[in-house]
A.B. asks: 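Before I ask anything, here is the structure I am working with.
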Amino acid sequence: MLELQRIRNEKEAVLEGLKKRNIDATATITKLLEVDQEWRLSKAELEGISAELNQIAKEIGDLFKQGKQEEANAAKSKTADLKEKESTLKTKVDGLDAEMTQLLYQLPNVPNELVPAGKNELDNITVLEVGSKRIYDFEAVPHWDLAKKYDLIDFELGVKITGAGFPIYKGKGAKLQRALIAFFLEEAEKAGYEEFIPPLVVNEASGYGTGQLPDKEGQMYYVNEDDLYLIPTAEVPLTNIYRDVILPSEDFSIKMTGYTPCFRREAGSYGKDVRGLNRLHQFDKVEIVRIEHPSNSEKALEEMIDHVKGLLEKLGLHYRILRLCGGDTGFASAMTYDFEVYSAAQEKWLEVSSVSRFDTFQSTRLKLRFKTADKKTQLCHTLNGSALALPRIVASLLENHQTPEGVIVPEALRKYTGFDIIN
RNA sequence: GGAGAGAUGGCAGAGCGGUUGAAUGCACCGGUCUUGAAAACCGGCGUACCGAGAGGUAUCGGGGGUUCGAAUCCCUCUCUCUCCGCCA
């Protein structure tokens, strides 16, 4: 959620920034400022009346103490009118307040100055490409066929047990999952991230905290009986650890990591994009989350990017990094870098990681703050990234490391898998 | 699932319907003392919003009610704890 203060003070800059998302927020913001203006006036009036009532109540108390019953009772009669006004104004102020919140929820984050304007993925900027497309001297096979050939993943069996999008990993396929998770966690630990194992279901407040609610309500699985949501990413429980927290000093840098399964309804997906491991309802992911002083979030983002680069390089994957354009940047994000690995077999780039800085967009909702040296409270910045999500990494590994003899396991992974080839 | 108890400031823990935004202790910050530290003593110490400021308002789990006045009374929801049952 954008800070109201910022919209008041930098209206033009906010509008200009949102244009990069192809959003003309003029109407919303004009309305918002109107409501805000009225809210402030009404609130001032309300508080004046409350003050008056408080004053009278105090006087009545004193009169009773002095035994002046009659005067006290006389004073009581003065309040009826004020109470009536107070009640009306209270309703009005609450209504305006709710209206502002509603309007604020509609506004996405303002993109960072580096974010290019643009509509969709075509406008993203490739900032780096490492490696080159592999040339095959045989027909490259897509991962879903490889998974079948080597009996690694059974998609049909998953349909039987649960439904489409819930694959069953078996044998070396299962072990590869476990190896990747261990590898990613250990790399994160080496980079200074503390490991957490959070709950896989969260309450409503947590959903609002990181911005999944109310924007993406339909994307999460919902447990009606207990009013809980299955997490779509470890970002939700990990970041919410710091909901309603005021860090005691401005000297902090919180680095968390966690492996969790992730659950996404993916309503609206269809066709080729969902083939094989490309899009699942349940998948595994190691997430990295950071909570930073505003002055450090730029550096933190760089570090996270370097971390993900390191992972992909250790896995021997050819990849590129995109700086997403305004239109492709997520609702809550101020700037997002996507990592994509090229799949020759599918003849397309697969998104394997997304690293974002949210600035104060999440911490506004989370009420995540820190104390400055002069004892003021100030909002923290939050960031997060996948490091990494498994399915498309598995797809990439299978497709890019395939040989006629089998799939070669990257060196870095072997100590976790215990085997060096899948055949 | 059944029965009971409870929810107050960073923590612990008082609180009669009327200067209680809230005693007290601990923690924390500043100071005095000390060569330094500890101890002792003095002072400070929640959050949010409105306001240029003075100041005002709200907040004792959430919501509603009674009252001139609610942390204190009533209703309701949520959560926590204890015991019993069930179970990994």
Side-chain angles (χ1 to χ4, degrees), chain A residues 1-9 32-104 197 199-209 213-214 222-229 237 240-252 254 291 360 362-380:
Chain A
M1 189 155 74
L2 290 176
E3 292 163 77
L4 183 57
Q5 198 65 36
R6 181 174 178 191
I7 297 175
R8 277 184 200 149
N9 298 340
L32 186 62
L33 291 176
E34 266 173 37
V35 176
D36 175 50
Q37 184 63 27
E38 202 183 342
W39 173 77
R40 281 196 272 179
L41 286 173
S42 303
K43 194 176 154 102
E45 196 184 342
L46 170 65
E47 288 183 355
I49 290 172
S50 298
E52 212 173 321
L53 280 167
N54 287 343
Q55 184 56 37
I56 293 173
K58 205 172 269 181
E59 283 166 11
I60 291 175
D62 290 339
L63 289 172
F64 271 123
K65 269 191 194 161
Q66 296 163 28
K68 297 178 180 169
Q69 301 284 336
E70 270 177 45
E71 284 179 54
N73 284 320
K76 277 191 198 180
S77 62
K78 291 195 295 185
T79 62
D81 191 39
L82 286 171
K83 282 181 76 174
E84 176 72 29
K85 267 192 209 160
E86 185 190 40
S87 161
T88 312
L89 272 169
K90 175 96 163 49
T91 308
K92 183 177 176 189
V93 169
D94 287 350
L96 292 170
D97 205 1
E99 195 177 347
M100 277 197 289
T101 306
Q102 225 25 59
L103 289 165
L104 278 171
I197 301 182
L200 305 183
V201 289
V202 295
N203 57 29
E204 193 179 40
S206 295
Y208 274 95
L213 294 174
Y222 176 59
V223 185
N224 190 50
E225 189 82 21
D226 297 295
D227 201 15
L228 297 171
Y229 296 84
N240 271 282
I241 290 173
Y242 284 90
R243 171 156 47 85
D244 290 321
V245 167
I246 299 176
L247 299 167
S249 84
E250 50 189 322
D251 182 24
F252 65 93
I254 294 163
I291 293 166
T360 60
Q362 289 185 324
S363 55
T364 309
R365 291 194 189 182
L366 290 161
K367 296 188 173 60
L368 164 53
R369 292 156 292 176
F370 65 93
K371 284 275 189 207
T372 62
D374 55 345
K375 306 286 183 201
K376 295 253 174 21
T377 54
Q378 196 181 328
L379 291 164
C380 300

A.B. asks: Please tell me which of A:Asp226 and A:Lys83 maps to the more 5' nucleotide of RNA chain B, matching each residue to the nucleotide holding its nearest heavy atom.
C.D. replies: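 Residue closer to the 5' terminus by nearest nucleotide: A:Lys83.
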A.B. asks: After noting the C-alpha distance and the side-chain angles of A:Leu2 and A:Thr364, does the key distance pass the side chain to side chain contact (heavy atoms under 4.5 Å, CB included) rule?
C.D. replies: CA-CA 7 Å; A:Leu2 290 176; A:Thr364 309; over 6 Å; no
A.B. asks: Which heavy atom in A:Cys380 sits nearest to a heavy atom in A:Ser363, and how many Å separate them?
C.D. replies: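 Minimum heavy-atom separation between A:Cys380 and A:Ser363: O-OG, 2.6 Å.
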A.B. asks: Is A:Thr377 close enough to B:rA48 that one of its side-chain N or O atoms is under 4.0 Å from OP1 or OP2 there?
C.D. replies: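 Answer yes for this pair, as a side-chain N or O of A:Thr377 is under 4.0 Å from OP1 or OP2.
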A.B. asks: Just how far, in rounded Å, is P of B:rC68 from CD of A:Glu71?
C.D. replies: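 Those two atoms, CD and P, are 18 Å apart.
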A.B. asks: Taking a pair as Watson-Crick or G-U wobble with both distances under 3.5 Å, which nucleotide is matched to B:rA88?
C.D. replies: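 No nucleotide pairs with B:rA88.
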A.B. asks: For B:rU57, give its Watson-Crick or G-U wobble partner with both distances under 3.5 Å, or none.
C.D. replies: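 Matched B:rU57 with B:rA48 under the 3.5 Å cut-off.
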A.B. asks: Could you tell me the separation between the CG atom of A:Asp94 and the P atom of B:rC50, rounded to a whole number of Å?
C.D. replies: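 Distance check: A:Asp94 CG to B:rC50 P gives 15 Å.
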A.B. asks: Between A:Glu86 and A:Lys90, does the salt bridge (charged side-chain N to carboxylate O under 4.0 Å, His left out) criterion hold? Intermediate values first, please.
C.D. replies: CA-CA 6 Å; A:Glu86 185 190 40; A:Lys90 175 96 163 49; over 6 Å; no
A.B. asks: Between B:rC68, B:rG56, B:rC50, which nucleotide gets closest to the side-chain atoms of A:Ala51?
C.D. replies: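 Selected nucleotide: B:rG56.
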A.B. asks: Suppose we define a pair by two distances each less than 3.5 Å, Watson-Crick or G-U wobble; what does B:rC73 pair with here?
C.D. replies: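 The answer is B:rG65, by the H-bond criterion.
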A.B. asks: Calculate the interatomic distance between A:Glu47 atom CD and B:rG55 atom P; express it in whole Å.
C.D. replies: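 Distance, rounded to whole Å: 16 Å.
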A.B. asks: Side chain of A:Trp39: nearest nucleotide among B:rC50, B:rA48, B:rG18?
C.D. replies: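 The answer is B:rC50, which lies nearest to the side chain.
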A.B. asks: Rounded to the nearest angstrom, tell me the gap between atom CZ in A:Arg40 and atom P in B:rA48.
C.D. replies: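 Going from CZ in A:Arg40 over to P in B:rA48 covers 18 Å.
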A.B. asks: Of the non-hydrogen atoms in A:Leu213 and A:Tyr208, which two are nearest, and what is the gap between them?
C.D. replies: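 Reported closest heavy-atom pair: O-CD2, 3.4 Å.
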A.B. asks: Could you pick out which residue, A:Asp62 or A:Ser77, lies toward the 5' side of RNA chain B when each is mapped onto its nearest nucleotide?
C.D. replies: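 Mapping each residue to its closest nucleotide by heavy atoms, the 5'-most match is A:Asp62.
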A.B. asks: Whole angstroms only, please: what is the CG-C1' distance between A:Asn203 and B:rC77?
C.D. replies: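 It works out to 15 Å between those atoms.
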A.B. asks: State, without any angle test, whether A:Asp94 and A:Thr91 hold a side-chain donor-acceptor pair at a distance under 3.5 Å.
C.D. replies: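 Result is no, nothing qualifies.
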A.B. asks: Starting at atom CG of A:Leu63, determine the distance to atom P of B:rG17, rounded to an integer number of angstrom.
C.D. replies: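 Taking CG of A:Leu63 and P of B:rG17, I get 21 Å after rounding.
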A.B. asks: Give a yes/no on whether any side-chain N or O of A:Asn54 is located under 4.0 angstrom from OP1 or OP2 of B:rU57.
C.D. replies: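 Yes, A:Asn54 has a side-chain N/O under 4.0 Å of OP1/OP2 on B:rU57.
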A.B. asks: My understanding is that a pair needs two contacts under 3.5 Å, Watson-Crick or G-U wobble. By that rule, which nucleotide pairs with B:rC16?
C.D. replies: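 Base partner found: none.
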A.B. asks: Provide, to the nearest angstrom, the distance between the NZ atom belonging to A:Lys76 and the P atom belonging to B:rG18.
C.D. replies: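 So the two atoms are 14 Å apart, to the nearest Å.
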A.B. asks: For A:Ile56, which contact category applies under a 4.0 Å heavy-atom criterion: base, sugar-phosphate, or nothing?
C.D. replies: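 Counting heavy atoms under 4.0 Å across all strands, no contact is made by A:Ile56.
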A.B. asks: Checking A:Asp227 against A:Tyr222: is there a side-chain donor and acceptor pair closer than 3.5 Å?
C.D. replies: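 A:Asp227 and A:Tyr222 do have a side-chain donor-acceptor pair below 3.5 Å.
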A.B. asks: My understanding is that a pair needs two contacts under 3.5 Å, Watson-Crick or G-U wobble. By that rule, which nucleotide pairs with B:rC33?
C.D. replies: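 Because no pair has both required distances under 3.5 Å, B:rC33 counts as unpaired.
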A.B. asks: Can you tell me the Watson-Crick or wobble partner of B:rC79, both distances under 3.5 angstrom?
C.D. replies: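 Checking every strand shown, B:rC79 finds its partner in B:rG6, with both distances under 3.5 Å.
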A.B. asks: Are OP1 or OP2 of B:rU57 and a side-chain N or O of A:Lys90 less than 4.0 angstrom apart?
C.D. replies: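 It does not, given that no N or O in the side chain of A:Lys90 lies less than 4.0 Å from OP1 or OP2 of B:rU57.
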A.B. asks: To the nearest angstrom, how far is A:Leu96 atom CG from B:rC50 atom P?
C.D. replies: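 In whole Å, B:rC50 P lies 14 Å from A:Leu96 CG.
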A.B. asks: Just compare B:rU57, B:rA48, B:rG18 and give me whichever is closest to any side-chain atom of A:Ser50.
C.D. replies: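 Closest of the options to the side chain of A:Ser50: B:rU57.
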